[in-house]
Trainee: 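A single structure is presented below for examination.
All figures in this text were calculated on a predicted structure; none of them were measured in a lab.
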Amino acid sequence: MRLPSITRRSFLGAASAAVTVPYVVPASALGLGGATAANERITMGLVGCGPHGAGWNLDQVFRCDDVQVVAVCDVDRGRLEAARHKVDDHYGRLVGGDYRGCFATGDFRELVRREDVDTVCNATPDHWHVLPSLMAARLNKDVICEKPLTLFVEEGRVLCEEVRQRELISQTASENRSIESYIDLCERVRNGRIGKLTHIEVTLPAGNEERGEHFSQRDEVPVPEGFDYATWLGQAPWAPYVPARCHGSFRWILDYSGGRLTDWGAHMIDLAQWGNGTDHTGPVEVEGHGEWPPRDALFNTAPHFDLLYHYADGVTMRVSSSAPGIRFEGTDGWIASRGWRGALDASDPSIVEEPIGSDEIRLYRPSEVVPRHVGSHGGEHRNFADCVKSRQECYAPFEIGHRTITIAHIGNIAMLLGRKLRWDPAAERFLDDDEANAMLTRKQRDPWTLAQVDSWL
């Protein structure tokens, strides 16, 4: 069993080390009353400083008194500096003039290699989720990574195997498994409150939502100063710079994401898998259709879709675009959550109201369980920190996040090919369909390839 890196690392407190090792905030300043010594604190590096990385992720990490962000990285200098200032302001207010500052870089490899970084939080665009996470894993560092965990099935399997073999802590940053109403929903399904499960209805938002400050700027222009666009493209094919290609709206471009199906599927399909008890497997068949823009359009993911999946035990799952929600149907009734973290409803009030017994199935409850109506707390970060210390598996390790998003990926492939596909969830291959299997990966643009990761260590 690998021991946590925080028990091996020694912090350098001498002034001469200030250039390379950021100041580690005293436990008393973090509200711990001195209970947590500096060499037992978890240090974290953040890769990806967009609104979700430097907004949501930093805010949630700041709530974890035993975690300190010591390094940030982004290829956009403006975003990088804003994140560095935010980190410095937060810890500077806690300790005053003794705080030495946060390390900042435009190259994630510099951050991941740092000896003072115990863990990595990866909040990059979707097509960048695997490579920094894989590099961190090969340096035996625990990782929390934003969802959707992967863009291609094959690279996701490589990442999962690396984490498994090294016995690392990993977390797919989906907060829904810390939401009380969703835990309750899935427990009731797993305990047979609706009888034998027969069908799941998953609904996701429709349309390519306007996101990012440059959504409408779709003409080619010079790359702005301070933005390393070539690195932002990463493994994806070369393409001219247009502002709408990048920050925020990249989700509607197949080279970088999978549209609504992967963006929201990472949330709601995950709940379907949890309630179905299929976290470590998946369906065996998929068919459906999508409304596709022209393939040469800038935004070319499907804004509308309707998919039907079959599991080996006969359970079916429909994933369609309308509004977020999930409904489980069984031989004795149904239970549902309509909307984003909506209240539970059922065919019979007793399905929702009857308590779960102490001898029944109880699903993973992290130390911080968040009420349904509280949308500003990220239980996934607290759970990750707890598990880094205890070495207990997180509630959504990479294997689970990978299985969830694989369902979205094979759905996109079925819609693009326009035919029913048979899937082997154990081998993670389509049956008798070479064309479909070729879409489980892509040629990666040098130097951002899986084969190059070892050379970065």
Side-chain angles (χ1 to χ4, degrees), residues 1-11 24 27 30 32 35-47 57 60-71 111-123 129-130 132-147 149 156-178 183 270 274 279-280 361-370 377-404 457:
M1 175 65 71
R2 171 186 172 271
L3 294 176
S5 60
I6 54 175
T7 65
R8 299 196 307 263
R9 176 175 46 79
S10 61
F11 288 91
V24 179
L30 290 175
L32 298 176
T36 303
N39 63 353
E40 296 173 355
R41 192 95 21 75
I42 301 166
T43 60
M44 178 178 286
L46 171 67
V47 182
N57 281 277
Q60 304 315 314
V61 173
F62 288 166
R63 295 177 57 246
C64 299
D65 290 343
D66 48 353
V67 181
Q68 182 183 344
V69 176
V70 298
L111 179 148
V112 175
R113 282 195 295 257
R114 290 180 66 87
E115 293 185 1
D116 60 318
V117 171
D118 293 323
T119 65
V120 172
C121 177
N122 186 346
H129 283 175
V130 168
S133 300
L134 183 63
M135 179 184 176
R138 289 190 177 167
L139 288 171
N140 290 314
K141 300 190 179 192
D142 301 322
V143 187
I144 178 171
C145 182
E146 273 299 336
K147 71 282 176 199
L149 183 64
R157 174 48 53 201
V158 171
L159 177 61
C160 289
E161 289 306 303
E162 194 74 35
V163 166
R164 181 187 64 81
Q165 292 171 10
R166 294 176 180 271
E167 298 183 333
L168 297 170
I169 300 301
S170 64
Q171 177 79 301
T172 309
S174 178
E175 63 271 22
N176 280 347
R177 292 198 181 207
S178 65
I183 299 173
D270 187 58
W274 205 19
D279 274 343
H280 294 276
I361 296 171
R362 301 308 297 260
L363 298 179
Y364 192 144
R365 275 177 163 76
S367 62
E368 181 178 71
V369 175
V370 185
H377 288 182
E380 70 271 28
H381 300 87
R382 180 65 266 164
N383 181 234
F384 176 68
D386 288 342
C387 293
V388 167
K389 293 186 292 184
S390 71
R391 311 315 291 172
Q392 176 186 358
E393 191 174 70
C394 289
Y395 67 55
F398 284 174
E399 180 67 30
I400 287 177
H402 168 69
R403 292 288 184 173
T404 288
L457 303 181

Trainee: If the threshold is 4.0 Å, N to carboxylate O, is there a salt bridge linking Glu399 and Arg157?
Mentor: yes
Trainee: Please report the shortest heavy-atom distance between Phe398 and Leu149, naming the atom on each side.
Mentor: O-CD2, 3.3 Å
Trainee: Looking at Tyr395 and Leu363, would you say the former's side chain and the latter's main chain have a donor-acceptor pair under 3.5 Å?
Mentor: no
Trainee: Kindly compute the distance separating CD1 (Ile169) from SG (Cys387), expressed to the nearest 0.5 Å.
Mentor: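 The CD1 atom of Ile169 sits 6.0 Å away from the SG atom of Cys387.
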Trainee: Can you name the closest pair of heavy atoms from Thr43 and Asp116 and give their distance?
Mentor: OG1-O, 2.5 Å
Trainee: Quick check for you: to the nearest 0.5 Å, what is the distance between Asp65 atom CG and Arg41 atom CZ?
Mentor: 9.0 Å
Trainee: Is the shortest side-chain N to carboxylate O distance from Arg138 to Glu162 below 4.0 Å?
Mentor: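 So Arg138 pairs with Glu162 through a salt bridge.
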Trainee: What I want to find out is whether Lys147 reaches Glu175 closely enough, with some N-O distance under 4.0 Å, to be called a salt bridge.
Mentor: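 Salt bridge flag = yes for Glu175 with Lys147.
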Trainee: To the nearest 0.5 Å, how far apart are CD in Glu380 and SG in Cys394?
Mentor: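 Answer rounded to 0.5 Å: 10.5 Å.
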Trainee: Is there a side chain to side chain contact (heavy atoms under 4.5 Å, CB included) between Leu139 and Leu457 once you walk through the steps?
Mentor: CA-CA 7 Å; Leu139 288 171; Leu457 303 181; 3.8 Å; yes
Trainee: Passes side chain to side chain contact (heavy atoms under 4.5 Å, CB included), Phe384 versus Gln60? Steps please.
Mentor: CA-CA 11 Å; Phe384 176 68; Gln60 304 315 314; over 6 Å; no
Trainee: Where do Ala136 and Val143 come nearest, in terms of heavy atoms and distance?
Mentor: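 The answer is CB-CG2, 3.6 Å.
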Trainee: To the nearest 0.5 Å, tell me how far Cys145 SG sits from Leu134 CG.
Mentor: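 With rounding to 0.5 Å, SG (Cys145) is 11.0 Å from CG (Leu134).
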Trainee: Answer yes when Asp142 and Lys389 have at least one side-chain N-carboxylate O distance shorter than 4.0 Å, and no when they do not.
Mentor: no
Trainee: Does a donor on one side chain sit under 3.5 Å from an acceptor on the other, for Asn122 and His129?
Mentor: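 Short answer, no.
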Trainee: What closest approach, in Å, do Ile144 and Ala173 show between heavy atoms, and which atom pair accounts for it?
Mentor: CG1-CB, 4.0 Å
